[in-house]
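The structure follows.
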Amino acid sequence: MDFLSPVIAGFGVVFQPENLFYCLLGVTLGMLVGVLPGLGPAATIAVLLPITYNIEPTAAIIMLAGIFYGAQYGGTITSVLLRLPGEASSVVTAIDGHELARQGRAGSALGIAAIGSFIGGTVAVIGLTFVAPLVAGFALDFGPSEYTALALLGILLITTLGTGSPLKSILMATVGLLLATVGQDPLEGASRLTFGVDQLLDGIDFVIVAMGLFGVGEILYNLESLRRPAAPAAAVGSVYPSRAELGQSKGAITRGSVLGFLLGILPGGGATMSSMVAYAVEKRASKEPDRFGKGAIEGVAGPETANNAAATSSFIPLLTLGIPANATMAIMFGALLIQGIAPGPMLVEEKPDLFWGVVNSMYVGNLLLLAMSMPLIGVFVRILRVRAAILAPLTILVTMIGVYTVRMSVFDMFLMVGLGVLGYLMKKVGFEPGPLVLAFVLGGLLESSFRRSMRIFGGDLTGFLTQPITATLLGVIVLIVLAPPALRLSRRNRQKVKA
Amino acid sequence: MRIGVLLAAVALAASACSVQGGSADKSAAAAGYPNKPVEFTVPTDPGGSTDLLTRALAKSIEQPLGVKAVVVNKPGANGKIAGKDVFGSKPDGYRVAVMPQSLFAIGPLMLNDADPVKLTDMTFIKGLAVEDYVLVVPADSKYRTLKDLAGASDVKYGTTGPGTGSQLSQTLLFGLAKTKAAPVPFDGGAPTVTAVLGGKVDAASVQIAEAYKQVQAGKLRALAVFADKRIEAMPDVPTAKESGYDVVVDQRRFIAGPAGLPAEVRDKLAAAVDKAVASPEYNEVLKANYIGRWDADGDAVGTQLNESLKRFEKLAQDLGIDLKAQQ
């Protein structure tokens, strides 16, 4: 069992009091910034970078990692309670999570999210411990053409997310794709739809779109109801999920863990894709898909488990290949560089203490988060009892600060208010922001990957079919599109034959 | 105590500001400089090499400057957002920015921008760093030398984005070699290296730090560096020049303030930077990231930017390459 000795030594590193302290500090901070809409883990880690100068490398990375996965726990809270997804990976949680909160089941939703997150996170750390080197290559297999197919699959899944008509979902997805083209052309650098505004050159940040359409739009909409006689305050309900709810979520948590772990390894959009795919899978796997969008607990359990598993497995490309999988990992990469450690394929051999210390700290961190979040849920759900007249302006204030921290740009604050008005109007006429926001996230990936692929294939569309993974994904898409009508047709034929 | 000093500083600054115009007032303000924190703006997201460099500099400059140094990230539009913001502010020496050479020497050749940051918008304070580019292929690539690659019939090369040294170096190389080659621009160094590792593109030119570990681990093969002479970090890798393609492209970073910065303020800043870049901590960060020092003074920075722009322009013209169409 030679392989296990550095792993066990890693636990020795974690249980040094100093490292335990930084782990606790990291996950606590992470949960707090997750709760604050807009202020994401990437920004927090960036702010804390200079502080890590003076901390020992392993402790520093343990803390920063804690912030990252801790924020995944916290992010759920605003998604469920205020319909304010702070991150792309918790957009789908807002759909059923907020609905549950309205029905007085916020406690259950948050409880199941915490339990799912714990299980998803832990499963992913176990995966990280035992199969990281085996699955790391998976990240390299994904190039432009594979991402094109993946993004296409994601956009197809969007149409299943909405509760309204598919037509409305497709319409909103189109608007999202259009918004994604704002900014500098990713391949040629030409300005598109920027109207001469420099602040639009890098496109619109996801946080602005999500918080504007979901959060601010929701607040504006709720202000209308203030004029009507006040509705009785929603009951908060039990903090702990019932036995029935746990039973309902069992399958969702299992599937979410596996999906999240696998998709999280992919650089770029892995965590978002994983939560979306998890939601779509739950809806398809469910015997009563009609409940989704109206407060299905599996619609919270699946995605929340998946995004935590993905957050953890996104460390695999960084630690084993030296490739940062997302913005937060890129900053983590920088944090390691500041410490004089260049992450690369040799990290495990060169710095086993650091590698296993960080990996094993995640077991401890997830446990700490579960222990902290369960009792805190009762405190958080009390937010729902705050009068709207106080809560609404306060939320807007926090949201504005959050948006500002993304790029230190006042322009972005105005942009969010503008999108908030759009979100309000959309809600009035029965359009849902979910498909728009997710198409926005995937649009950028789809466009740049598709155009890169075309460069690589020399403009030949059939090039996509020469790549095994791409071809397989495209096959899945064709199946999803063609299967339902084909089934209907064959059923009709059979009926005809019978008749 | 600290707060007292700060209050005094604020009062002093306020009194300096309340007296408007006049060159005598300007030098009076310069005499008291600096009496409040100096803000260093980084034109990229945190974590990249410019960010690391600036944070290391800010840490070492506090002592010689005698005030706090604050690092602010203002990413966007290849540095234009930060440039417009800082160089549009009052030239008092309290706001400076670390800028990349590419925005001025490469961007104008490859991109159309009606309202770019101009050299005349800045007062150059000091040169800071120089980073070289290395051409890498996957370790299992059939191309073993630069000649192999240049002689190939259909090359797809990755670049770190439009208007970068990565793109320019390869455009010029394949232009000189008359190789049929098509660029595939990615969004920064990490995705580009990933694409080479996965064999999605045949080759890519990236900064040393972005590829060093992968080359060391035997996952990537370095074919050439686009430097004037062989570089310390990779002594076995020939320059493109040695292989017969005279392409020298590097990325340089310098520190600048708004145009019209009083000479006294500029000199004080430059002297403080000199002391900071001599500190062991700063040099350690540079060394760990394979970044070279560029100790040019303010005027030399301006000359370098102008010369690079002209040299690249002429090279492209001689080759008959329309750089704007090369994307």
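What you see is a predicted model; the values in this text were computed from it and never measured. Throughout, protein chains are lettered first and strands after them, A, B, ... in sequence-line order, and every chain is numbered starting at 1.
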Roughly how far, to the nearest 0.5 Å, is OG1 of B:Thr194 from CG of A:Leu321?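 Rounded to the nearest 0.5 Å, the CG-OG1 separation comes to 8.0 Å.
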
With a 4.5 Å cut-off on side-chain heavy atoms, are B:Lys84 and A:Gln199 touching?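 With C-beta onward as the side chain, the pair stays apart.
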
Any non-hydrogen side-chain atom of A:Ile456 less than 4.5 Å from a side-chain atom of B:Val201?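 Heavy-atom side-chain distance check passes, below 4.5 Å.
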
Which answer fits A:Leu347, side chain, backbone, both or neither, if we ask what part of it has an atom under 4.5 Å from a heavy atom of chain B?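 Contact with chain B: none, neither part.
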
Quick one: are B:Pro185 and A:Arg455 in side-chain contact, heavy atoms under 4.5 Å?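 Yes, their side chains come closer than 4.5 Å.
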
Relative to chain B, which segment of A:Leu201 carries a heavy atom at a distance below 4.5 Å: side chain, backbone, both, or neither?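 For A:Leu201, the contact with chain B is made by the side chain alone.
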
Could you list the residues that satisfy ring pair (Phe, Tyr, Trp, His ring centres under 6.0 Å) with B:Tyr290, not counting sequence neighbours?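 Checked B:Tyr290 against ring pair (Phe, Tyr, Trp, His ring centres under 6.0 Å); matches are B:Tyr212.
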
According to ring pair (Phe, Tyr, Trp, His ring centres under 6.0 Å), who are the partners of A:Phe142, at least two apart in sequence or on a separate chain?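 With sequence neighbours excluded, A:Phe142 shows a ring pair (Phe, Tyr, Trp, His ring centres under 6.0 Å) to A:Phe138, A:Tyr147, given in chain and number order.
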
Does A:Arg452 form a side chain to side chain contact (heavy atoms under 4.5 Å, CB included) with B:Asp187? I'd like the steps, not just the answer. CA-CA 11 Å; A:Arg452 274 175 204 136; B:Asp187 186 16; 4.2 Å; yes

Beyond-backbone contact of B:Phe186 with A:Pro144, side-chain heavy atoms, under 4.5 angstrom: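 In short, these two side chains touch, coming nearer than 4.5 Å.
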
Engaged part of B:Lys59 at the chain A interface, taking heavy atoms whose separation is under 4.5 Å: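 Side chain only.
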
Under 3.5 Å donor-acceptor, B:Lys200 side chain and A:Asp141 backbone: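 Yes: the side chain of B:Lys200 pairs with the backbone of A:Asp141.
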
